[in-house]
Amino acid sequence: MAPNHFSNFEGTYKDLRPPAAIIAGCSVFGALVLSFLLIMQHLQSYNNPAEQKWIVAVISMVPIYATESIISLWNPRLSLACDILRNCYEAFALYSFGRYLIACLGGEGKVVELLEDEYAEHLSKSLSDGLNENHDMDDRSFCNFFWHPGKLGKDLLTIERFGLVQYMILKTVCALLAFILELFGVYGDGEFKWYYGYPYIAVVMNFSQMWALYCLVQFYNVTHERLQPIQPLAKFISFKAIVFATWWQGVGIAVLCAFGVLPNEGKFQTGLQDFLICIEMAVAAVAHVFVFSAKPYRFLPSAAYGKVRKETKEGALEIDDENRQKAALLKETSTRVESPRTSVTESVQDIVVEGGQRVVKDVVLAINQAIGPVEKGVTRIQQTFHHRTVVSSDDEEKESDIQVERDVT
């Protein structure tokens with residue numbers, strides 16, 4: 001009976017493999033086209049490298065997963081090597097997504113300030129409730145990571161980074177260990193037997209992945225209000241769906257094969273896993289087009305892409321240069337762009353001082369910094385702004401008279 005069952009399975013597998021490969025190949029082709037077009041759009045609109053470099057790394061999961069899966073489906077002998085490469089990039093993608101969230105918050109320095117503000121808020125509330133002096137140490141305890149992560153302050157960022165890095169290290173080490181065990185014939189991919197290495201590696205990787213994802217969830221719970229401009233929930237769900245679908249799907253197929261629900265044959269397990277990943281990557285590519293769109297990073301002065309506010313100031317200057325009074329005209333134009341679904345809020349100032357000399361700086365630029373390189377030897381500048389015009393994207397104009405005097409040495 002067993003030989004007949006095995007022969008029937010072999011015949012069914014050979015019959016299903018060609019159409020499955022064709023369907024998977026079409027899905028992979030669509031996923032590659034959509035992903036590469038999206039990556040090219042980000043590179044063409046590469047106006048915020050701090051965020052977009054991590055977005056490109058996350059988007060690259062789809063073409064990498066799809067390519068390795070279709071290669072493994074066509075040639076099952078390469079399935080282990082493709083699985084190892086896929087696992088290694090998955091660890092890097094998880095780290096990239098964490099770094100993307102930090103970049104959207106303004107970098108690690110801004111994140112530390114945000115977390116410390118959250119901690120100060122919790123501490124002031126606790127003191128107002130009349131708790132004891134040792135409550136500060138209690139708030140910083142590791143147990144609050146599970147129940148009240150906002151009370152950890154900047155320590156939450158340390159735990160989040162450790163959670164991501166440990167997954168990167170363990171994922172890479174376990175992938176290399178699986179390759180070595182396979183060379184000695186004791187890996188047993190998909191076999192839950194004590195003398196194989198697969199079940200032990202699966203347990204370690206399950207714990208490591210769950211911990212890394214839990215750290216991301218806790219970090220998101222504390223910072224989600226500040227991340228609202230980038231619509232973080234959709235990005236979080238789309239990313240976690242890929243990670244969970246690939247790993248737990250493989251474990252689930254192995255369990256079903258071990259209990260006899262599915263044929264307990266190695267190439268069937270890997271073939272089914274690769275086929276499903278190819279289909280899922282096509283769906284993920286479509287989701288990425290909307291979730292990680294490059295449109296918010298195109299700085300177009302249109303309401304469709306963001307709110308643009310332009311402010312112009314004009315004024316007369318009197319420059320005291322070597323005991324001589326010189327009249328000059330100052331014109332300052334500030335443009336502010338707020339782009340939706342990103343953390344971009346850019347401000348640029350154009351300052352023109354007599355003769356058309358121009359200095360362009362960020363919003364923190366001071367008047368004396370602009371005039372210094374233009375007029376050396378300036379000892380005093382008296383500024384009187386007589387006219388101010390504000391133009392915003394909703395075509396509103398406001399005028400006001402401002403009197404400002406300032407001494408610059």
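- Between Y187 and Y196, the ring centre distance reaches or exceeds 6.0 Å.
- A salt bridge does not link R226 with D117: none of the charged nitrogens is closer than 4.0 Å to a carboxylate oxygen.
- Judged by distance alone, the side chains of Q273 and Q249 do bring a donor and an acceptor atom under 3.5 Å apart.
- Between K154 and E108, no side-chain nitrogen of the basic residue sits less than 4.0 Å from a carboxylate oxygen of the acidic one, so the salt-bridge criterion is not met.
- For NZ of K240, the number of neighbouring non-hydrogen atoms (other residues, nucleotides, ligands) closer than 6.0 Å is greater than 12.
- Residues I169 and Q166 are not in side-chain contact: their nearest non-hydrogen atoms beyond the backbone lie 4.5 Å or more apart.
- To the nearest 0.5 angstrom, Y65 atom OH is 7.0 Å from N87 atom CG.
- Here the straight-line distance linking atom SG of C174 with atom CG of L181 works out to 10.0 Å at 0.5 Å rounding.
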Discussion item. Could you walk me through whether R161 and L164 satisfy the side chain to side chain contact (heavy atoms under 4.5 Å, CB included) test, starting with their C-alpha distance in whole Å, then the side-chain angles of each, then the deciding distance to 0.1 Å, before giving a yes or no?
Written reply: CA-CA 5 Å; R161 285 187 299 188; L164 297 179; 6.0 Å; no

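- Neither side chain, Q52 nor Y297, offers a donor N or O lying under 3.5 Å from an acceptor on the other.
- Across all non-hydrogen atoms, the minimal contact from S35 to V62 is OG-CG1, 3.2 Å.
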Practice prompt. Test side chain to side chain contact (heavy atoms under 4.5 Å, CB included) on L262 and L272 and set out the steps.
Written response: CA-CA 10 Å; L262 295 176; L272 180 59; 4.0 Å; yes

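- When every heavy atom of C88 is checked against every heavy atom of A175, the shortest pair comes out as SG-CB, 4.0 Å.
- In this structure, E118 contributes its side chain and L114 its backbone to no donor-acceptor pair below 3.5 Å.
- Side-chain polar atoms of E68 and Y89 form no donor-acceptor pair below 3.5 angstrom.
- The closest side-chain heavy-atom distance from K53 to Y46 is below 4.5 Å.
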Fill in: side chain to side chain contact (heavy atoms under 4.5 Å, CB included) assessment of Q269 paired with D274
CA-CA 9 Å; Q269 296 181 31; D274 293 329; over 6 Å; no

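- When only modelled atom types and interatomic distance are considered, S72 and R86 share no side-chain donor-acceptor pair under 3.5 Å.
- Between L156 atom CG and N221 atom CG the span is 9.5 Å, to the nearest 0.5 Å.
- Open room surrounds CZ on F162; 12 or fewer heavy atoms of other groups in view lie less than 6.0 Å from it.
- Looking at every heavy atom in both residues, S293 comes nearest to L38 through CA-CD1, 4.3 Å.
- Side-chain atoms of T67 come within 3.5 Å of backbone N or O of P63 as a donor-acceptor pair.
- For the pair L94 and A212, the tightest heavy-atom approach, listed with the atom from each and the gap, is CD2-CB, 3.6 Å.
- Under the 3.5 Å distance criterion, the side-chain polar atoms of N206 are matched with a main-chain donor or acceptor of A202.
- Note that CG of L85 and CG of L80 are 9.5 Å apart. Values are rounded to the nearest 0.5 Å.
- The closest side-chain heavy-atom distance from S208 to K171 is not below 4.5 Å.
- Side-chain contact check for M61 versus M281: every heavy-atom pair is 4.5 Å or farther apart.
- Summarising the geometry, atom CD1 belonging to I159 is positioned 6.5 Å from atom CH2 belonging to W211; distances are rounded to the nearest 0.5 Å.
- In this structure, the side chains of Y167 and F207 stay at 4.5 Å or more apart for every pair of heavy atoms.
- Here the side chains of V291 and F239 are not in contact, with every heavy-atom distance at 4.5 Å or above.
- To the nearest 0.5 Å, atom CD1 of residue I84 and atom OG1 of residue T172 are 11.0 Å apart.
- Minimum heavy-atom separation, W74 to A21: NE1-CB, 3.5 Å.
- Residues I230 and L227 meet the side-chain proximity criterion, which asks for heavy atoms closer than 4.5 Å.
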Item to complete: Could you walk me through whether L34 and H288 pass side chain to side chain contact (heavy atoms under 4.5 Å, CB included), step by step?
Response: CA-CA 9 Å; L34 291 177; H288 282 176; over 6 Å; no

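- Within the 4.5 Å cutoff, side-chain heavy atoms of P232 are placed close to those of Y220.
- Cation-pi geometry between K235 and F292 is satisfied (NZ or CZ under 6.0 Å from the ring centre, within 45° of the ring normal).
- Here the closest heavy-atom approach between residue A93 and residue V58 is recorded as O-CG2, 4.1 Å.
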